[in-house]
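Note: hydrogens, waters and symmetry copies are ignored here, and every other heavy atom, side chains too, is used. Since we're looking at a predicted model, the values are computed, not measured. Protein chains get the first letters and strands the later ones, always in sequence-line order, with residue 1 at the start of each.
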Number of protein chains: 2
Amino acid sequence: MPRAGLNRNRVAEEAAVMSDEVGLSRLTLATLAERLGVRQPSLYKHIDSMAGLHRDIAVHAKRALGEVLARASVGRSGPDAIAAMSHAYRDWAVTHPARYAASNLMPAPGDVEDEAVSVAAIQVIADVLTAYRLEGDDAVDAIRAFRSTLHGFVSYETAGAFRWSADVDVDRSFDRLVRGFIAALDSWAETSGHTLTTHLTTIGEDHDDRT
Amino acid sequence: MPRAGLNRNRVAEEAAVMSDEVGLSRLTLATLAERLGVRQPSLYKHIDSMAGLHRDIAVHAKRALGEVLARASVGRSGPDAIAAMSHAYRDWAVTHPARYAASNLMPAPGDVEDEAVSVAAIQVIADVLTAYRLEGDDAVDAIRAFRSTLHGFVSYETAGAFRWSADVDVDRSFDRLVRGFIAALDSWAETSGHTLTTHLTTIGEDHDDRT
DNA sequence: CAGAGAAGCTATTGACATTAGCCAAATGGG
DNA sequence: CCCATTTGGCTAATGTCAATAGCTTCTCTG
């Protein structure tokens with residue numbers, strides 16, 4: 001009968017911690033409740049559903065990642081900012097693998113809060129890339145390329161996919177990847193014939209797997 | 001009691017098809033059995049477990065993807081081969097999203113068959129990149145970079161993450177990404193101070209999430 | 001044509017998420 | 001301070017899965 005003093009944030013926070021320990025897919029309400037000193041159905045006073053809990057983790061994660069990226073790039077610009085942001089991104093993802101995975105979940109269609117933090121995080125990246133004077137479609141291409149590059153590397157790394165040839169330093173590989181991306185950006189900013197000035201707009205439907 | 005004529009391959013194949021339709025995480029033994037005209041527990045005559053079924057899907061997928069990549073790069077070399085391979089990779093992944101997700105699952109530690117097909121697929125990439133005379137650690141860096149680049153883009157695309165600014169052509173973005181990677185490779189092959197000649201070797205432990 | 005092994009089936013179990021319905025603890029207005 | 005309301009927690013029960021046990025029926029081989 002004494003109260004545990006839970007609330008939606010506390011639950012999401014502990015869920016995030018637990019997820020980072022055991023993996024997002026092994027986050028279970030039974031053990032989460034146990035960790036919070038409460039019976040399993042009691043969690044429903046603070047969450048809607050498992051999916052809702054995942055969403056809460058995702059929203060927190062997106063916010064945190066966005067802040068990390070912003071902090072890393074403040075005061076820098078151009079290649080310097082890109083490099084700093086890249087390393088901050090990777091560091092955060094590696095130390096919070098499940099939160100990172102959650103941060104890549106697409107917002108549900110009418111979820112304005114989730115949409116907002118998603119856009120905000122991407123906007124940090126967009127702002128940094130603007131240093132290359134890319135506009136319109138070119139900027140979108142660059143943002144997609146940058147996000148893809150980082151996400152691919154980090155998700156392989158957190159999945160342990162680089163244990164092939166484990167003796168080769170992963171830090172060095174990442175460093176070269178980032179340098180390579182910057183080089184690519186340079187070499188392509190010249191040749192680019194851009195047009196429109198489209199930008200981050202609306203959001204689509206649901207997602208699925210998250211591989 | 002007429003027999004359904006199932007076997008391990010047939011089950012894995014139908015599982016792969018169903019996964020591509022509904023998503024790997026929504027692959028369920030109940031509906032899989034139904035699709036195969038059999039009761040759910042009967043599947044266990046052909047599979048070990050859900051995890052085993054995922055492994056079977058993964059092995060098939062890795063083999064298929066490896067063949068697709070090999071076919072795309074045969075007769076080509078250098079940037080041409082990389083571009084062809086990249087587009088084949090993306091096309092296959094987009095048409096088989098769940099198989100693609102499965103293809104990124106790490107092999108379990110003693111699973112020699114899975115390890116073999118995994119290495120084989122990566123080896124196709126390694127062979128193509130060899131055209132740049134990258135050796136040892138440099139080659140490993142390049143392979144990691146290439147796989148990361150493709151995987152990041154494709155997994156975002158299949159997750160629907162590019163619906164931000166949906167009006168910008170995704171094909172074009174991919175094309176530029178690939179060109180950018182090639183440019184990066186060029187610009188870095190020059191500056192590279194390499195050393196060892198390490199290569200694809202052994203495999204590590206288990207995996208987890210597959211974001 | 002017997003009989004062994006493979007391939008199905010029904011019945012059960014156990015782990016989860018989720019819902020219903022009850023009761024106690026905070027809380028806040030008189 | 002006191003009671004009414006809201007809030008948070010609990011037990012019990014349900015439904016969906018994966019997984020196991022144990023029985024029956026094909027099927028194929030000697």
> Should the pair A/F146 and A/F181 be assigned to parallel (<30°), tilted (30 to 60°) or perpendicular (>60°) ring geometry?
Replying inline: tilted

> Between B/Y89 and B/Y100, what is the ring plane arrangement, given parallel below 30°, perpendicular above 60°, and tilted in between?
Replying inline: perpendicular

> Taking the six-membered ring of A/Y156, is NZ or CZ of B/R147 closer than 6.0 Å to its centre and within 45° of its axis?
Replying inline: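 So B/R147 does make the cation-pi contact.
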
> Under 4.0 angstrom, heavy atoms only, what part of the nucleic acid is A/T28 near: base, sugar-phosphate, or nothing?
Replying inline: sugar-phosphate

Among [options], find the nucleotide with the atom closest to the side chain of [X].
X	options	answer
B/R39	D/dA18, C/dT10, C/dT18	C/dT10
B/S42	D/dA19, C/dC9, C/dT19	C/dC9
B/P41	C/dG8, D/dA19, D/dG9	D/dA19
B/Q40	D/dA19, C/dT18, C/dT10	D/dA19
B/V38	C/dT19, C/dG8, D/dA19	C/dG8
B/H46	C/dA17, C/dA7, C/dC9	C/dA7

Round to a whole Å and report the spacing from [atom1] of [X] to [atom2] of [N].
X	N	atom1	atom2	value
B/K45	D/dT20	NZ	C1'	11 Å
A/E34	C/dA15	CD	P	13 Å
A/L29	C/dA15	CG	C1'	12 Å
A/L32	C/dA17	CG	P	9 Å

> Between the side-chain atoms of A/R3 and the base atoms of D/dT7, is any donor-acceptor pair under 3.5 Å?
Replying inline: yes

> In terms of the nearest nucleotide of DNA chain C, which residue is placed more toward the 5' end: A/D48 or A/T31?
Replying inline: A/T31

> Can you check whether B/V38's main-chain N or O pairs, donor with acceptor, with B/S42's side chain at less than 3.5 Å?
Replying inline: no

